[in-house]
Amino acid sequence: MYDFVVVGVGPAGARFSRRAAERGYDVLALEKGEIGTPLACSGHVSTDIWSITGPGAREELFQNEIYGARFHVGGPQSRAYPFYKREVASNVIDRVGLDRHLADLAREAGADVRDGYTVTGVTEHRDGVEVVANGPDGTETVESKLVAGCDGPRSRVREELELPQPDELLHGVLAFSEEEDHQDFVDVHLTAPTFFAWRIPRGDAGVEYGLAAPPGVQVTRHFEELIDGYEIDVSHRCSGAIPIGPPERVTSSRGFLIGDAAGQTKPFTGGGILYGTTAADHAAREIDPDRPETVVDYERAWRNDLSRDQRLGHLLRQAYSLPEPVQRIGLRALSGEIGVHMDRPTSLVSPAHLRALVSRLRP
Ligand SMILES: Cc1cc2nc3c(=O)[nH]c(=O)nc-3n(C[C@H](O)[C@H](O)[C@H](O)COP(=O)(O)OP(=O)(O)OC[C@H]3O[C@@H](n4cnc5c(N)ncnc54)[C@H](O)[C@@H]3O)c2cc1C
């Protein structure tokens, strides 16, 4: 019997598998497709990403560095309100490569990571969990002390364990143009209802255009308007879901969710790579497979760490729905140098941010 069966090998599953294997646990990680594909993510992350990667990662994955964002209330021709830091705020990275890199680290730590296995059933028993998967050789059943649902926004494990859904699933779309662009600003357009559209320069890898909005909104129409505004041809269109939550509970008697499955995203950007991997570290540290009741310690630990930022993130998102004249006044008043950490809205009251505000007052 395994200590943990991990379902899904995205950033959250790979990170948890690595950390649990490093603690000496017997870990089997099952990924339904080929690790890293299909792409449905911008890979725009704070520089903290390099704290969870291994040697050589930056050379392999780095595409561009970003100092700030230009906000627009309308399309590309509308006025830009820049928010920026003096140092690099974030990096744009190869997201497919990141998943493969994190999965390799999990393997090196001793986890048995397999792709081509789709988990279709999870049953909790008093003394363990049965996980059913369709693999290359047909249907297999594996037994484990606990199951980790790291299987993304439409989590099968969440459904099987009858855990609550996140409040909302946004629909995100992406496409790429081939223009080389090493600019160090992203553009954010507050044109999509309750969310936004974006342009991300990816260095030699071209430029990404994207948009996310709630279901029911005509995402494609808004996306076409964005592309038309930039007067650019795009290809490689892809899409994915962004969970906004989190749900009130992400643990059961022998199961727990991490990452998008648990709604561990930033409500004001939809970014989830660093929240998911941070929560994975809490899970590996807190959960003892021989004491399944320790899932409660994980639930407490990740919420203690992330829930204040998530609550503040919800508040920030409300600004996307303000009337346009109010948005313009707010952006004009607040734009300029900032000291905020892109993953931590609570850093709005940090010394770094206050210093940045004071520096604007200097002649
Ligand atoms: C358009 C878009 C842009 C985004 N941009 C950013 C960004 O710039 N920065 C950022 O931080 N975040 C971004 N995100 C969010 C980010 O992609 C997610 O938060 C992140 O991928 C979550 O990681 P995860 O490991 O929890 O889930 P995932 O990355 O979704 O991984 C889940 C894995 O589980 C596998 N799986 C699913 N079901 C099964 C099953 N039944 N059996 C076995 N395996 C299964 C999937 O194939 C997948 O590999 C974006 C999302 C979207 C949609």
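Counting convention: from 1, in listed order, for ligands and their atoms alike.
- Ion pairing of E248 with R303 is absent here, as no side-chain N (NZ or NE/NH1/NH2) approaches a carboxylate O to less than 4.0 Å.
- The closest side-chain donor-acceptor pair between T194 and R317 falls under 3.5 angstrom.
- Residue Y84 belongs to a hydrophobic cluster whose other members are F185, with links defined by side-chain heavy atoms closer than 4.5 Å.
- Pairs passing the ring pair (Phe, Tyr, Trp, His ring centres under 6.0 Å) check and including a residue from residues 48-77, sequence neighbours excluded, read F71-F83, H72-H189.
- Close approach of ligand 1 to I273 is summarised as follows: ligand atoms under 4.0 Å from at least one heavy atom of the residue are 10 (C), 11 (O), 12 (N), 19 (O).
- At a 3.5 angstrom cut-off on N or O pairs, G272 counts as close to ligand 1.
- Of the candidates G276, P11, G259, it is P11 that places a heavy atom closest to atom 23 (O) of ligand 1.
- Distances between N or O atoms of V45 and those of ligand 1 include no value under 3.5 Å.
- When the side chains of ILVMFWY residues are joined at heavy-atom separations under 4.5 Å, either directly or via intervening members, L312 and Y320 end up in a single hydrophobic cluster.
- With a 4.0 Å heavy-atom cut-off, ligand 1 is reached by the side chain of I242 but not by its N, CA, C or O.
- The proximity of A241 to ligand 1, defined as any non-hydrogen pair under 4.0 Å, is limited to the backbone.
- Considering only non-hydrogen protein atoms, atom 17 (O) of ligand 1 sits nearest to R95 NH1, 3.1 Å.
- Where the criterion is an N or O separation shorter than 3.5 Å, residue side chain and backbone included, E31 meets it with respect to ligand 1.
- Distances between N or O atoms of D260 and those of ligand 1 include at least one value under 3.5 Å.
- Annotation: atom 51 (C) of ligand 1 to nearest protein heavy atom, A40 O, 3.5 Å.
- With a 4.0 Å heavy-atom cut-off, ligand 1 is reached by the backbone of C150 but not by any atom from C-beta on.
- By the criterion of side-chain heavy atoms lying less than 4.5 angstrom apart, applied directly or through intervening Ile, Leu, Val, Met, Phe, Trp or Tyr residues, V132 is not grouped with L30; the two fall into different hydrophobic clusters.
- Residue H44 places at least one N or O, backbone or side chain, under 3.5 Å from an N or O of ligand 1.
- In the candidate list I258, I200, D151, D151 is nearest to atom 36 (N) of ligand 1, counting heavy atoms.
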